[in-house]
Amino acid sequence: MYDVAIIGAGVIGALTARELSRYNLKCVVLEKENDVAMGTSKANSAIVHAGFDAKEGSKKAYFNVKGSEMMEKVASELGVKYIRNGSLVLAFDDDDMKTVEELYGRGVKNGVKGLFILSREELLKVEPNIGDDAVGALHATTGAIICPYGLAIAAMGNAMDNGCELKTNFPVKNIEKGEGKYILSSENETVEATFVVNAAGLFADEINKKLEDSDFSTHPRKGEYFVMDKAQGSLVKSTVFVTPSAKGKGILVSPTVDGNLLLGPTADDIEDKTDIETTDEGAAKIRSQAMRSVKGIDMRKVITSFAGLRAVGNTGDFEITAKDNYVAAMGIESPGLSASPAIAEHIAELLFNMGLKKEENKNFNPVRRPMDFFKTLSKEEKNALIKERPSYGRIVCRCEEITEGEIIDALTLNPRAKDLDGVKRRTRSGMGRCQGGFCSPSVTELIAKISGVAYEDVTKTGEGSGINFERTKGGVKNA
Ligand SMILES: Cc1cc2nc3c(=O)[nH]c(=O)nc-3n(C[C@H](O)[C@H](O)[C@H](O)COP(=O)(O)OP(=O)(O)OC[C@H]3O[C@@H](n4cnc5c(N)ncnc54)[C@H](O)[C@@H]3O)c2cc1C
């Protein structure tokens, strides 16, 4: 019997698990996929928004500003890449300039510090490559960028290091309320817990309906992106937005924490909560809008594309409810990543208010070694480590210069990677210019060796994503 069962290992579930691991509690996170951060938390713009966008008085505004203030410390404790690069909202005409003024006013009311309205001349001093049509901008100096899946992985890993359990491949299909407990089951397994947190992202409304008669629902709004080669990564330092529309913040151009350039997202309402295909129409939209904002974008330098799904709620705001030992975090669309540390803290408070025992875990360690720690070492430190563990001296991914030692760490430290994409999200091997063309066979070999699965059975991203179909020598797979 667990004290708390958390459904979903995105940023909300993982940071809540970490928050609860500060206390002596038996907690478990139930995740339907085979890894952490497999939903919206792996595919978004990765911006820690300053907090000027959401309407004053909304939960989005409150948790965004608070979360953004908390994020630098959380990222530093968890060793997650975070850069306070500032953001700009470009204006292309007088109407846009009025919107910029409105956003400035809203930001001030929301308590955002470091906001400035810039003329074109001032804007060019901040970002010399801004497009010729821009006439001014809002500058938010507290805006930042982060590695979003890195945050979820590190938070879950830290929670596990501090005693929390993670059960992957556990799609919660049913929840029943028993005598003083909840019974949560997948097709194969059942878990009992006194308290339940629903952090199931886009699917949180469906889980909620199993427990409550609720009108709250979410639908997916797709956002497509291009990732550009690092050669384009220094075109801008800040995150460059355009003025927002009713559907979102428009197409942005932003450096990533790893030195690439990100273009996107589109905003298209769809019905299928699993449709993350990219489209020709999306690509055309991104190209034209991004090139208007920033000069020098070379579309031949695109190295990959992806799409993520916003969990758009029917109330227009985050829906965070607490009743009967059950907390639901629903409709956590943008700025949910920015808000996530504050939402996690709030969820823990709601649980304690409902009677969850609050006894400090004296052994709680908030710190986790950065995933890219090897790169941060001096030459002498690297040499000493290579002597101790020679695998750190063998480069496996040439584009991103990732060593065998780092891949072994990804396969052995909490939460362990199980497939190629899991290793990629933890180490960046396969995220460079060749997109895994060179390193995939070696990474596959390491996964097979360390996880004890057959080479032929290693997958790209969970069940049904086999990459090896036939042996070139020695017959057909599993023959
Ligand atoms: C295009 C786009 C751009 C965005 N840009 C930003 C941004 O720049 N800044 C920002 O602050 N926010 C941004 N967001 C929003 C942000 O990404 C989300 O608010 C955040 O990731 C939500 O996290 P979550 O944990 O609620 O959901 P998720 O990350 O989706 O996690 C939910 C988890 O629950 C699991 N799950 C679902 N059903 C079940 C079940 N039945 N049983 C077990 N597990 C289950 C899923 O597999 C998933 O792992 C963006 C979102 C999108 C789509």
Side-chain angles (χ1 to χ4, degrees), residues 5-17 28-51 53-54 60 63-64 67-68 71 87 143-146 148-149 151-152 155-156 166-175 184-186 191 197-208 210 218 220-225 239 241 247-252 254 256 262 264-268 273-274 276 282 306-313 318-320 328-344 347 462:
I6 298 168
I7 307 166
V11 284
I12 302 297
L15 281 163
T16 302
V28 64
V29 176
L30 309 173
E31 168 54 53
K32 74 177 165 76
E33 303 295 337
N34 77 335
D35 199 2
V36 170
M38 294 293 281
T40 306
S41 298
K42 94 173 161 185
N44 54 60
S45 306
I47 313 301
V48 182
H49 294 292
D53 198 61
K60 282 184 180 172
F63 287 113
N64 181 352
S68 158
M71 194 65 93
S87 61
I145 48 178
I146 193 163
Y149 44 85
L151 177 63
M156 192 65 242
L166 168 68
K167 286 180 187 282
T168 51
N169 297 313
F170 194 122
V172 174
K173 299 262 184 210
N174 203 21
I175 315 185
L184 304 97
S185 38
S186 68
V191 153
V197 175
N198 172 3
L202 202 42
F203 298 88
D205 60 333
E206 293 171 34
I207 300 264
N208 190 54
K210 292 181 196 293
T218 51
R221 183 173 292 159
K222 191 193 276 190
E224 299 180 33
Y225 294 89
T239 299
F241 294 99
K247 275 195 176 175
K249 300 179 189 73
I251 303 291
L252 61 80
S254 179
T256 70
L262 187 68
T266 51
D268 294 301
K273 288 185 174 181
T274 60
I276 48 168
F306 66 90
L309 301 176
R310 304 166 180 89
V312 181
F318 296 156
E319 183 81 357
I320 305 174
M330 301 181 287
I332 311 297
E333 56 171 324
S334 188
L337 169 65
S338 321
S340 56
I343 294 179
I347 291 174

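Atoms within each ligand, like the ligands themselves, are counted from 1 in listed order.
- For atom 5 (N) of ligand 1, the closest heavy atom belonging to the protein is Ser45 N, 3.2 Å.
- From the protein, the heavy atom lying nearest to atom 4 (C) of ligand 1 is Asn44 CB, 3.2 Å.
- Looking from atom 45 (C) of ligand 1 to the surrounding protein, the closest heavy atom is Lys32 CG, 3.8 Å.
- Counting all heavy atoms, side chain and backbone alike, Lys173 lies closest to Lys210 at O-NZ, 3.0 Å.
- The shortest N or O to N or O distance between Glu33 and ligand 1 is not under 3.5 Å.
- Inclusion of Val11 in the set of residues having an N or O under 3.5 Å from an N or O of ligand 1 is warranted.
- Distances between N or O atoms of Val172 and those of ligand 1 include at least one value under 3.5 Å.
- Residues Ile12 and Ala329 approach most closely at CG2-CB, 4.1 Å, considering heavy atoms.
- Using a 4.0 Å cut-off between heavy atoms, Glu206 makes no contact with ligand 1 at all.
- Listed by number with element, the atoms of ligand 1 under 4.0 Å from a non-hydrogen atom of Leu309 are 53 (C).
- Here the closest non-hydrogen pair linking Ala5 and Val191 is CB-CG1, 4.4 Å.
- Of all atoms in ligand 1, listed by their number and element, those nearer than 4.0 Å to a heavy atom of Pro335 are 10 (C), 11 (O), 12 (N).
- At a heavy-atom distance under 4.0 Å, only backbone atoms of Ala46 (N, CA, C or O) approach ligand 1.
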**Request:** Give the C-alpha distance, both sets of side-chain angles, the deciding distance and a yes or no for side-chain contact (heavy atoms from CB on, under 4.5 Å) between Lys32 and Ser186.
**Result:** CA-CA 9 Å; Lys32 74 177 165 76; Ser186 68; over 6 Å; no

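- The neighbour count for Ile276 CD1, taken as heavy atoms of other residues, nucleotides or ligands under 6.0 Å away, does not exceed 12.
- With hydrogens and angles disregarded, no donor-acceptor distance shorter than 3.5 Å links the side chain of Ser338 to the backbone of Asn64.
- The aromatic rings of His49 and Phe241 are tilted relative to each other, their planes meeting at an angle between 30° and 60°.
- With values rounded to the nearest 0.5 angstrom, Lys60 atom NZ is found 9.5 Å from Ile332 atom CD1.
- Between Ser87, Ala200, Gly67, it is Ala200 that holds the heavy atom closest to atom 37 (C) of ligand 1.
- Under the salt bridge (charged side-chain N to carboxylate O under 4.0 Å, His left out) criterion, Lys273 pairs with Asp205, Glu206, sequence neighbours left out.
- Under 4.0 angstrom from ligand 1, there are no non-hydrogen atoms of Ala307.
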**Item:** Evaluation steps, side-chain contact (heavy atoms from CB on, under 4.5 Å), between Ile175 and Ile7
**Value:** CA-CA 11 Å; Ile175 315 185; Ile7 307 166; 3.8 Å; yes

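- Here the options are Thr40, Val48, Asn44, Ile47, the test is side chain to side chain contact (heavy atoms under 4.5 Å, CB included), and the partner is Pro148; only Asn44 passes.
- For Val36, no heavy-atom contact with ligand 1 is shorter than 4.0 Å.
- Those atoms of ligand 1 with a heavy atom of Ile47 less than 4.0 angstrom away are 7 (C), 8 (O), 9 (N), 10 (C), 11 (O).
- At least one donor-acceptor pair closer than 3.5 Å links the side chain of Glu31 to the backbone N or O of Glu33.
- Within the 4.0 Å heavy-atom criterion, the part of Pro171 lying near ligand 1 is the backbone and not the side chain.
- When only non-hydrogen protein atoms are considered, atom 34 (O) of ligand 1 lies nearest to Gly8 CA, 3.2 Å.
- The protein heavy-atom contact nearest to atom 27 (O) of ligand 1 is Gly201 CA, 3.5 Å.
- Polar contact with ligand 1: present for Leu337 (N/O pair, distance under 3.5 Å).
- Each of the atoms 18 (C), 19 (O), 22 (C), 26 (O) of ligand 1 lies under 4.0 Å from some heavy atom of Ile332.
- For atom 29 (O) of ligand 1, the closest non-hydrogen atom of the protein is Ser41 OG, 2.5 Å.
- Short contacts between ligand 1 and Gly39, defined as distances under 4.0 Å to a heavy atom of the residue, involve ligand atoms 29 (O), 30 (O), 49 (O).
- Looking only at protein heavy atoms, the nearest one to atom 1 (C) of ligand 1 is Tyr225 OH, 3.2 Å.
- The closest heavy-atom contact to atom 48 (C) of ligand 1, among the options Arg310, Glu224, Glu31, comes from Glu31.
- Close contacts of ligand 1 with Ile12, meaning ligand atoms under 4.0 Å from a residue heavy atom, involve 23 (O), 24 (P), 25 (O), 26 (O).
- Contacts between Thr40 and ligand 1 below 4.0 angstrom, taking non-hydrogen atoms only, involve backbone and side chain alike.
- Closest approach of Pro265 and Ser45 over heavy atoms only: CD-OG, 3.7 Å.
- Pairing each heavy atom of Leu184 with each of Phe170, the nearest pair is O-CZ, 3.9 Å.
- For ligand 1, the atoms sitting less than 4.0 Å from at least one non-hydrogen atom of Ala199 are 32 (C), 33 (C), 34 (O), numbered in the order shown with element in parentheses.
- Looking only at heavy atoms of the protein, atom 6 (C) of ligand 1 is closest to Ser334 OG, 3.7 Å.
- In plain terms, the two heavy atoms of Thr239 and Ile145 that are nearest each other are OG1-CG2, 3.6 Å.
- Less than 4.0 angstrom separates some heavy atom of Ile207 from each of these atoms of ligand 1: 41 (N).
- You'll find the side chain of Leu151 reaches within 4.5 Å of the side chain of Leu15, heavy atoms only.
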